[in-house]
Amino acid sequence: MTGKSLLLKVILLGDGGVGKSSLMNRYVTNKFDSQAFHTIGVEFLNRDLEVDGRFVTLQIWDTAGQERFKSLRTPFYRGADCCLLTFSVDDRQSFESLGNWQKEFVYYADVKDPGHFPFVVLGNKIDKLERQVTTEEAQAWCLENGNYPYLETSAKDDTNVAVAFEEAVRQVLAVEEQLEHCMLGHTIDLHSSSKSGSSCC
Ligand SMILES: Nc1nc2c(ncn2[C@@H]2O[C@H](COP(=O)(O)OP(=O)(O)OP(=O)(O)O)[C@@H](O)[C@H]2O)c(=O)[nH]1
Ligand SMILES: [Mg+2]
């Protein structure tokens with residue numbers, strides 16, 4: 001892969017058992033294990049990809065979702081460029097935990113401007129017949145809590161997994177572009193005599 005690659009850190013958060021490790025392993029190794037073990041602490045894998053002409057090395061951090069491992073995972077939130085809030089569509093409790101995961105991330109990652117931080121919400125295990133969370137209510141949660149992109153995935157049958165990680169990259173690039181646009185806007189204002197009324201940041 002030619003051209004300078006942008007290193008991005010993406011972190012998967014969500015209740016134990018929703019499929020965070022399975023999503024990472026499906027995306028990086030294209031494997032799925034129906035008997036996956038609970039993650040203890042954190043693990044990470046890298047994968048190179050190209051999104052809209054940009055070469056990216058995605059460093060995917062997979063975290064333990066079980067409450068007892070909280071102190072092992074929270075030190076690794078800092079420096080993340082994107083957070084994938086993950087639940088399972090057959091586990092209503094994991095959907096209702098999304099708000100807590102978002103708060104935990106913002107606190108331990110010390111996010112200065114949560115309103116502009118790239119979160120993406122994933123509803124996993126859509127291959128399973130018995131759903132407890134509808135697409136509409138998940139979309140409504142995403143709209144109410146920050147207008148986050150919402151994708152439905154299955155690590156088991158590889159539905160939307162690559163799309164989900166590509167969307168994470170797009171969200172980071174979009175925020176970066178917005179910041180660059182703002183910086184550029186301020187620079188031009190510094191030299192022009194007329195005070196521009198609008199400020200975009
Ligand atoms: N049917 C189905 N099962 C899945 C899917 N993704 C994961 N699983 C299964 O769900 C169980 C938990 O998956 P994990 O990937 O270990 O879940 P996790 O979120 O990493 O769990 P913790 O490490 O405890 O936080 C495993 O038995 C997986 O095989 C999916 O998309 N569909
Ligand atoms: Mg895991």
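Just so it is clear, the structure is predicted and the values come from calculations on it, not from any experiment. Remember, it's 1-based here, ligands and their atoms both numbered in the order they're listed.
Between Tyr148 and Phe119, the ring planes lie tilted relative to each other; the angle falls in the 30° to 60° range.
Hydrophobic clustering (side-chain heavy atoms under 4.5 Å, transitive across Ile, Leu, Val, Met, Phe, Trp, Tyr) keeps Ile60 apart from Leu72.
Close approach of ligand 1 to His38 (heavy-atom distance below 4.0 Å) involves ligand atoms 22 (P), 23 (O), 24 (O). Per-residue contacts place Lys128 under 4.0 angstrom from the following atoms of ligand 1 (heavy atoms of the residue considered): 1 (N). Interface atoms of ligand 1 facing Ser154, defined by a heavy-atom separation under 4.0 Å, are 31 (O).
Side-chain atoms of Thr57 and Ser5 include a donor-acceptor pair closer than 3.5 Å.
Considering only heavy atoms from C-beta on, Thr39 stays 4.5 Å or farther from Lys20 through its side chain.
The Mg ion (ligand 2) has Thr39 among its coordinating residues (N/O/S atom, backbone or side chain, under 2.8 Å). Contact annotation: Ser21 places an N, O or S atom under 2.8 Å from the Mg ion (ligand 2).
Exactly one residue among Asp91, Asp157, Asp90 makes a salt bridge (charged side-chain N to carboxylate O under 4.0 Å, His left out) with Lys128. That residue is Asp90.
For atom 6 (N) of ligand 1, the closest non-hydrogen atom of the protein is Asn124 ND2, 3.2 Å. Protein heavy atom in closest approach to atom 17 (O) of ligand 1: Gly19 N, 3.1 Å. Closest protein heavy atom to atom 29 (O) of ligand 1: Asp33 O, 2.8 Å. The closest protein non-hydrogen atom to atom 12 (C) of ligand 1 is Gly17 O, 3.5 Å.
The residue Thr86 has no part lying near ligand 1, judged by heavy-atom distances below 4.0 Å. Proximity of Lys156 to ligand 1, defined as any heavy-atom pair under 4.0 Å, is shared by backbone and side chain alike. For Ala64, every heavy-atom contact with ligand 1 shorter than 4.0 Å involves the backbone, none the side chain. Proximity of Asp127 to ligand 1, defined as any heavy-atom pair under 4.0 Å, is confined to the side chain (atoms from C-beta onward).
Taking any N or O of Ala155, backbone or side chain, at least one lies under 3.5 Å from an N or O belonging to ligand 1. Checked by distance only, ligand 1 and Phe32 stay at 3.5 Å or farther apart across all their nitrogen or oxygen atoms. Between Gln35 and ligand 1, no N or O atom pair is found at a separation short of 3.5 Å. At under 3.5 Å, not a single nitrogen or oxygen of Gln66, backbone or side chain, sits near a nitrogen or oxygen of ligand 1. Checked by distance only, ligand 1 and Gly65 come closer than 3.5 Å through their nitrogen or oxygen atoms. At a 3.5 angstrom cut-off on N or O pairs, Thr39 counts as close to ligand 1.
By heavy-atom distance, the residue among Ala36, Ser34, Gly41, Ser22 lying nearest atom 7 (C) of ligand 1 is Ser22. Of the listed options Lys20, Lys125, Met24, Lys125 places a heavy atom closest to atom 30 (C) of ligand 1.
The CG atom of Leu58 sits 12.5 Å away from atom NZ of Lys9, with the distance rounded to the nearest 0.5 Å.
Remark: Arg47 fails to qualify as a cation-pi partner of Phe165 under the 6.0 Å distance and 45° angle criteria applied to the six-membered ring.
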* Please test Asn124 against Ser88 for side chain to side chain donor-acceptor pair (under 3.5 Å), starting from the C-alpha separation and ending with a verdict. => CA-CA 5 Å; Asn124 191 40; Ser88 178; 5.7 Å; no
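Taking the six-membered ring for Trp, Phe117 and Phe105 have ring centres closer than 6.0 Å.
Atom CD of Glu177 has 12 or fewer heavy atoms from other residues, nucleotides or ligands within 6.0 Å.
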